[in-house]
Amino acid sequence: VQLVESGGGLVQPGESLRLSCVASGFTFEDYTMFWLRQRPGKGLEWVSYVHRYGRDKVYADSVKGRFTIHRDNNNSTVDLQMTNLQPEDTAVYYCAKQRTSFTFSTRFSPAALGARGQGTQVVVSS
């Protein structure tokens, strides 16, 4: 399993970024995919996840209305479009796969997480 994130960087408050994750080594379309983040000095938190067909998407309250998750099963990618970024969005962002295939829940559980990538740094600062 390999998950490679890209797209992070330094932006000012109110700006946008699009993160991408390219997956390989497993049957991508069989798995729910996640975006997670770890803010400085904090634990890992979930940001958003998407059903294997892309039809159902769940967002953490902290990003709802600002972030959009999208997957492309043809290219084995999952993106996170982030708008109106704020300093509290500063974090290392990771994509991760569901631990087991063909499962999805609208209620997040840490036990659902499988492998994740190395992360991409996002810094929001003026």
Student: Would you check, one step at a time, whether the test side-chain hydrogen bond (donor to acceptor under 3.5 Å, both in side chains) holds for D79 with Q81?
Tutor: CA-CA 6 Å; D79 294 348; Q81 177 68 48; over 6 Å; no
Student: Is there a side-chain contact between T106 and D56 in this structure, where contact means two heavy atoms from C-beta onward sitting under 4.5 Å apart?
Tutor: no
Student: We want to know whether T103 and Q98 form a side-chain donor-acceptor pair, criterion being a heavy-atom distance below 3.5 angstrom.
Tutor: yes
Student: For D89 and R39: C-alpha separation, side-chain torsions, deciding distance, then whether salt bridge (Lys or Arg N to Asp or Glu O under 4.0 Å) applies.
Tutor: CA-CA 7 Å; D89 295 315; R39 294 189 266 192; 5.8 Å; no
Student: Show the nearest heavy-atom pair for residues G9 and L17, with the distance to one decimal.
Tutor: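 Closest heavy-atom pair between G9 and L17: N-CD1, 4.0 Å.
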Student: Would you say that F108 contacts L113 through its side chain, given a criterion of any heavy-atom pair below 4.5 Å between the two side chains?
Tutor: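 Yes; the side chains approach each other to less than 4.5 Å.
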Student: For residues A96 and R116, report the shortest heavy-atom separation together with the two atoms involved.
Tutor: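 Scanning both residues, the minimum pair turns out to be CB-CB, 3.6 Å.
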Student: Should F34 and V22 be regarded as members of a common hydrophobic cluster, given that ILVMFWY residues are connected when their side-chain heavy atoms come within less than 4.5 Å of each other, either directly or indirectly?
Tutor: no
Student: With ring pair (Phe, Tyr, Trp, His ring centres under 6.0 Å) as the rule and sequence neighbours excluded, what pairs involving residues 3-33 come up?
Tutor: F26-Y31
Student: Grab the two heavy atoms, one from V50 and one from F104, that are nearest each other, plus how far apart they are.
Tutor: C-CE1, 4.0 Å
Student: So M33 and R71, do their side chains get closer than 4.5 Å, heavy atoms only?
Tutor: yes
Student: Do V11 and M82 belong to the same hydrophobic cluster, where Ile, Leu, Val, Met, Phe, Trp and Tyr are linked whenever their side-chain heavy atoms lie under 4.5 Å apart, directly or via other members?
Tutor: yes
Student: At what distance, to the nearest 0.5 angstrom, does CD of Q121 lie from CD of Q38?
Tutor: 10.5 Å
Student: Quick one: SG on C95 to CH2 on W35, what's the gap to the nearest 0.5 Å?
Tutor: 5.0 Å
Student: Under the side chain to side chain contact (heavy atoms under 4.5 Å, CB included) criterion, do L80 and V47 qualify, and how do the steps go?
Tutor: CA-CA 10 Å; L80 186 69; V47 174; 4.2 Å; yes
Student: For S126 and P13, work out which heavy atoms get closest and say how close.
Tutor: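 Heavy-atom minimum between the residues: N-CD, 3.7 Å.
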Student: Could you measure the distance from the CG atom of L10 to the CD atom of E15? Nearest 0.5 Å is fine.
Tutor: 8.5 Å
Student: Is a donor on one side and an acceptor on the other found under 3.5 Å between the side chain of K57 and the backbone of I69?
Tutor: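 The answer is yes, because a donor-acceptor pair under 3.5 Å joins these two groups.
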Student: Just how far is it from atom OG of S101 to atom CZ of R52, taken to the nearest 0.5 Å?
Tutor: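 S101 OG to R52 CZ: 8.0 Å, rounded to 0.5 Å.
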Student: Are Y49 and F67 linked, directly or through other ILVMFWY residues, by side chains that come within less than 4.5 angstrom of each other?
Tutor: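 No; tracing contacts between hydrophobic side chains, which count when under 4.5 Å, never links both residues.
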Student: Please check if atom CD in Q118 has more than 12 non-hydrogen atoms from other residues, nucleotides or ligands closer than 6.0 Å.
Tutor: no
Student: So, for G8 and T120, which heavy atoms are closest and what is the spacing to 0.1 Å?
Tutor: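 Heavy-atom minimum between the residues: N-OG1, 3.0 Å.
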Student: Could you tell me whether the side chain of D72 and the main chain of N74 form a donor-acceptor pair under 3.5 Å?
Tutor: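 Present.
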Student: Locate the shortest heavy-atom distance separating S16 from N84; write the atom from each residue and the value.
Tutor: OG-N, 4.2 Å
Student: Please evaluate residues E5 and Y93 with respect to the criterion side chain to side chain contact (heavy atoms under 4.5 Å, CB included), reporting the C-alpha separation (whole Å), side-chain torsions for both, the decisive distance (0.1 Å), and the verdict.
Tutor: CA-CA 8 Å; E5 303 94 338; Y93 285 74; over 6 Å; no
Student: Rounded to the nearest 0.5 Å, what separation is found between the OG1 atom of T27 and the NZ atom of K97?
Tutor: 9.5 Å
Student: Are L3 and V78 packed together at the side-chain level, in the sense that at least one heavy-atom pair is separated by less than 4.5 angstrom?
Tutor: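 No, their side chains stay 4.5 Å or more apart.
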Student: Which residue is it: V63, L44, T90, L19? I am looking for the one with a side-chain contact (heavy atoms from CB on, under 4.5 Å) to R37.
Tutor: V63
